[in-house]
Amino acid sequence: MSATDERSAPPVRPAKEVLSAARQMIDPALRAAVDTLPTSMRRIAGYHFGWWDEREQPVSVDPGKALRPALSLLAAEVVGGTQEVAVPVAVATELVHNFSLLHDDVMDGDVTRRHRATAWTVFGRGAAILAGDSLLTLAFDVVGATGHPAANEVMRAIGGAVQDLVHGQSCDLDFQARTDVGLTECLKMAAGKTGALLGASCAIGGLFGGGGSDQVLHLREFGERIGIAFQLTDDLLGIWGDPEVTGKPVHSDLANRKKSLPVVAALGAASPAAQRLAEVYLRDEPLRAEELAEVAQLIEEAGGRAWAQRHATELLETALGHLHAAAATVDSRAVAELRVLADLASRRAY
């Protein structure tokens with residue numbers, strides 16, 4: 001690249017700007033899609049997205065990161081297409097993601113998300129579940145309405161990702177009642193629960209961008225690995241994250257006895273800390289507030305925190321290899337910004 005090309009090339013934006021731009025690009029289409037829902041479902045969806053309160057009065061709250069839409073938009077550009085052509089699939093990924101969040105909050109009993117009351121605590125469990133179902137159905141409607149040649153393939157990819165996500169979530173729930181969860185099956189759970197949708201987000205962006213089958217496959221592999229790294233970091237935040245940043249109570253995952261990846265890694269260590277952790281964490285009685293802090297310390301002493309951080313870094317390196325294999329032009333801004341998002345997913349502050 002010449003000096004002139006370097007001067008004229010648009011600068012690579014930091015993650016916050018990339019995500020904000022993706023949010024701005026998809027929000028009009030997302031709102032238009034949600035407006036087609038039945039009134040009862042639209043009300044809950046708009047509350048969940050942070051557009052209004054329970055009385056449908058406008059509010060200004062955190063709408064979420066828009067990571068999955070950003071991945072779809074940039075993936076389309078990486079293979080030689082435009083971000084604009086991928087807006088419908090980016091909207092679809094955001095709808096599917098929020099379907100899963102509505103259901104997750106009910107299953108986990110979480111009372112806050114994004115620093116406000118979760119939808120089920122405001123509208124009831126049944127209503128929140130139905131609203132999630134409505135968003136999932138809407139995702140397929142949005143893609144199908146495009147008439148894009150790849151629409152059917154995209155819908156199959158979304159359907160497959162949802163099946164993997166549901167299976168992963170089912171395993172996550174099952175793990176809470178078990179004392180013999182191994183690290184290998186826990187990683188498989190994360191691949192389904194989080195990796196599948198991030199992988200699909202990248203793949204369907206590549207499909208709408210006109211990418212070839214090999215490019216789409218590499219994009220899927222990139223996204224899936226970033227997804228597992230994202231889950232690792234999310235698990236770390238669920239134990240050590242600042243509630244002011246995460247929007248969830250401190251030690252929320254520990255209070256729910258989740259067999260998250262750092263926990264399972266720590267339980268599998270051969271050390272006094274791991275033994276004590278098993279004694280406290282795997283018993284039937286609820287954990288007291290003071291015990292939650294002890295459990296967090298034991299996980300760290302047994303190596304669970306360090307293992308999760310190290311494995312997230314390894315996944316990032318592998319993911320970037322797939323990204324470069326998928327790219328039509330390796331030194332494009334879209335590739336650089338996907339690298340920025342990959343780094344965000346795997347190394348968020350914890």
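Remember, it's a predicted structure, so these values are computed and weren't measured experimentally.
No donor-acceptor pair closer than 3.5 Å links the side chain of R305 to the backbone N or O of P262. Of the possible donor and acceptor atoms, one in the side chain of H103 sits under 3.5 Å from a partner among the backbone N and O of I129. Although no hydrogens or angles enter the test, the distance criterion places a donor-acceptor pair under 3.5 Å between the side chain of T233 and the main chain of A229. Side chain of E301 to main chain of L298: no donor-acceptor pair is present (N/O by atom type, distance under 3.5 Å, no hydrogens or angles). A donor-acceptor pair is defined here as one N or O able to donate and one able to accept, closer than 3.5 Å; such a pair exists between the side chain of D53 and the backbone of R55. Counting only distance, with no hydrogens or angles, the side chain of T118 and the backbone of D110 share a donor-acceptor pair below 3.5 Å. Side chain of R23 to main chain of P63: a donor-acceptor pair is present (N/O by atom type, distance under 3.5 Å, no hydrogens or angles). Panel note: side chain T329, backbone S332; no donor-acceptor pair is recorded below 3.5 Å. Checking side-chain atoms of S346 against main-chain N and O of A342 turns up a donor-acceptor pair under 3.5 Å.
Both tests do not hold together for R42 against Y47: distance to the six-membered ring centre under 6.0 Å, angle to the ring axis within 45°. Both the sub-6.0 Å distance and the 45° axial angle are not jointly satisfied by R339 relative to the ring of F222.
Between Y281 and D253 the shortest heavy-atom distance is OH-O, 3.7 Å. Closest non-hydrogen pair, V12 versus V340, comes out as CG1-CG2, 4.1 Å. Shortest non-hydrogen contact noted between E337 and P11 is OE2-O, 4.1 Å. Between S100 and H97, the shortest heavy-atom distance links the atoms OG-O, 2.5 Å. A265 and W307 make their closest contact through CB-CE3, 3.7 Å (heavy atoms, listed as atom of the first residue, atom of the second, distance). Across every non-hydrogen atom of Q215 and A326, the tightest pair is NE2-O, 3.0 Å.
When the shell of 6.0 Å around NE2 of H324 is examined, it contains more than 12 heavy atoms from other residues, nucleotides or ligands. For CZ of R125, the number of neighbouring non-hydrogen atoms (other residues, nucleotides, ligands) closer than 6.0 Å is 12 at most.
The side-chain hydrogen bond (donor to acceptor under 3.5 Å, both in side chains) check on H311 picks up E314, with sequence neighbours excluded. Taking the side-chain hydrogen bond (donor to acceptor under 3.5 Å, both in side chains) definition, one finds that D62 meets it with nothing, sequence neighbours left out.
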Which donor-acceptor pairs under 3.5 Å do the side chains of residues 189-208 make with protein atoms, sequence neighbours left out?
unit_1 : atom_1 : unit_2 : atom_2 : d
K193   : NZ     : D172   : OD2    : 2.7
T194   : OG1    : Q231   : OE1    : 2.3
S201   : OG     : L197   : O      : 2.7

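Between Q169 and D108, some side-chain heavy-atom pair lies under the 4.5 Å cut-off. Using a 4.5 Å heavy-atom threshold, the side chains of W51 and L30 count as touching.
Atom CG of L101 is separated from atom CZ of F49 by 9.0 Å, given to the nearest 0.5 angstrom.
Checked options L74, V330, I226, V335; the residue passing with L323 is V335 (criterion: side chain to side chain contact (heavy atoms under 4.5 Å, CB included)).
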